[in-house]
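Single-structure report; data block below.
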Amino acid sequence: MEALSHDDVKDFVAVAGDFLEADPVNHSVHLTAVDAALRGERQPATLISLHDNGAVVGVVTRMEGRPLHVAAMPPAAAPVVAEVLREREIDEVTGTRDRVDAFRKVWRDGGREVYALRLYRLEHLVVPQVPGEARLATAAENDLITEWWIAFVAELDGLSREDAEKRAMDSRRMSAGHVLWLVDGVPVSWAGSTTPVGGVSRIGPVYTPPEHRRHGYAAAVTAAISRWAYGAGAEHVVLTADLANPTSNSVYQGIGFRPVSDWSEYRWS
């Protein structure tokens, strides 16, 4: 197996684009990251195509400030990828569990799993009966969404506000659609989603402030953003849920999401 590094994102897409688009659900993170790089919204740090007997059989990508992403890397290619990256500073890897495990074992000792995740795809949307109404966020809610995004990251990662703000602002560039759930005109929950790339929209974050939880608002706003994604042209709507949070996994399955694959995020720093 051969690993080729690409300095130009257009060259990378010309070589590996068809391979990624053949499985857009499992390759959604690769596709949205590359799309953002093509539009100048992200700077690629690593673009690797993997070849076997002249055919593209895998891909590895990393955007500046983000983890190495190996969802499209065959596990058997891990030693080849590690050799190509040996002189680079890689402190974090994410992707489907088998591929993350394969890479971390050949990269270096130590580290820990920071997330165990499950990728879900929406099969048949079940709209929950929850008091309130959904609407697209407007510019007037920009500060509210920013605060909720920071709170979401701080709670999920156990970060200080300063660190959470940095990570939230970097992630925010990836989302395009924002829907709020309102009760009596007051926003009580929010969900974001990427615009479709390769026919797939990826939902996230979904956040409800603590004082508004346990009323079904997260399910309602997730259903609403799913409708937005379909309206934006998505053929598939996906999301990931933390396996350590059985409530969110139950909520998503209750409105029609079904498991696709298990994912992991592993960190050395």
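Hydrophobic clustering (side-chain heavy atoms under 4.5 Å, transitive across Ile, Leu, Val, Met, Phe, Trp, Tyr) groups Val237 together with Val251. Val260 is not connected to Phe257 by any chain of hydrophobic side-chain contacts under 4.5 Å among Ile, Leu, Val, Met, Phe, Trp and Tyr, and they are in different clusters. Both Val84 and Met1 belong to a single network of hydrophobic side chains, linked directly or stepwise wherever heavy atoms of I, L, V, M, F, W or Y lie under 4.5 Å apart. One hydrophobic cluster, built from ILVMFWY side chains closer than 4.5 Å, cannot hold both Val126 and Ile225; they sit in different ones. At a threshold of 4.5 Å between side-chain heavy atoms, the hydrophobic network of Ile, Leu, Val, Met, Phe, Trp and Tyr places Val70 and Ile90 in one connected group.
Counting only heavy atoms from C-beta outward, the side chains of Pro67 and Tyr266 never approach each other to under 4.5 Å. Thr222 is listed as a side-chain neighbour of Tyr252, based on a closest heavy-atom distance under 4.5 Å. A heavy-atom distance below 4.5 Å is found between the side chains of Leu38 and Val13. Residues Leu4 and His51 have side chains in contact (heavy-atom distance under 4.5 Å, counting atoms from C-beta outward). For the pair Val238/Ile203, no side-chain contact is recorded, criterion being any heavy-atom separation below 4.5 Å from C-beta on. Residues Val59 and Leu20 form a side-chain contact, since some pair of their non-hydrogen atoms from C-beta on lies under 4.5 Å apart. Proximity of Val56 to Leu50: side-chain heavy atoms (C-beta onward) are nowhere separated by under 4.5 Å. Using a 4.5 Å heavy-atom threshold, the side chains of Leu243 and Asn249 count as touching.
Checked by atom type, the side-chain pair His212/Ser189 shows no donor-acceptor distance below 3.5 Å. Glu141 and Thr138 form a side-chain donor-acceptor contact under 3.5 Å, judged by distance and modelled atom types alone. Under the 3.5 Å distance criterion, with hydrogens and angles disregarded, a donor-acceptor pair is assigned to the side chains of Trp263 and Ser261. Checked by atom type, the side-chain pair Ser193/Arg202 shows no donor-acceptor distance below 3.5 Å. Under 3.5 Å, the side chains of Ser28 and His30 contain no donor-acceptor pair of N or O atoms.
Classification of the Trp190-Trp149 ring pair by plane angle, with boundaries at 30° and 60°, yields tilted. Ring orientation note: the planes of Phe103 and Trp107 are close to parallel, at an angle under 30° on the 30°/60° scale.
Within 6.0 Å of CG on Asp8 lie more than 12 heavy atoms contributed by other residues, nucleotides or ligands. In the displayed structure, Glu113 atom CD is contacted under 6.0 Å by more than 12 heavy atoms of other residues, nucleotides or ligands. Atom CZ of Arg97 sits in a crowded spot, with more than 12 heavy atoms from other residues, nucleotides or ligands closer than 6.0 Å.
The shortest non-hydrogen separation linking Val25 to Val200 is N-CG2, 4.0 Å. Residues Pro75 and Asp98 come closest through the heavy atom pair CG-OD2, 4.0 Å. Scanning both residues, Phe12 and Thr61, for their nearest heavy atoms gives CZ-CG2, 3.9 Å.
Between Arg118 and Asp262 there is a salt bridge, since a side-chain N of the basic residue sits under 4.0 Å from a carboxylate O of the acidic one. Here Arg104 does not pair with Glu265 in a salt bridge; the nearest charged N to carboxylate O distance is not below 4.0 Å. Ion pairing between a basic and an acidic side chain is recognised when a charged N comes within 4.0 Å of a carboxylate O; Asp35 and Arg39 show such pairing.
The backbone N or O of Val179 lies less than 3.5 Å from no partner atom in the side chain of Arg135, so there is not a single donor-acceptor pair. Distance alone, capped at 3.5 Å, places no donor-acceptor pair between the Asp52 side chain and the Ala55 backbone. Listed for the Trp181 side chain is no donor-acceptor partner under 3.5 Å among the backbone atoms of Pro187.
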- request: Any chance you could lay out the side chain to side chain contact (heavy atoms under 4.5 Å, CB included) test for Glu92 and Leu68, step after step, and finish with the verdict?
  value: CA-CA 6 Å; Glu92 199 169 1; Leu68 185 74; over 6 Å; no
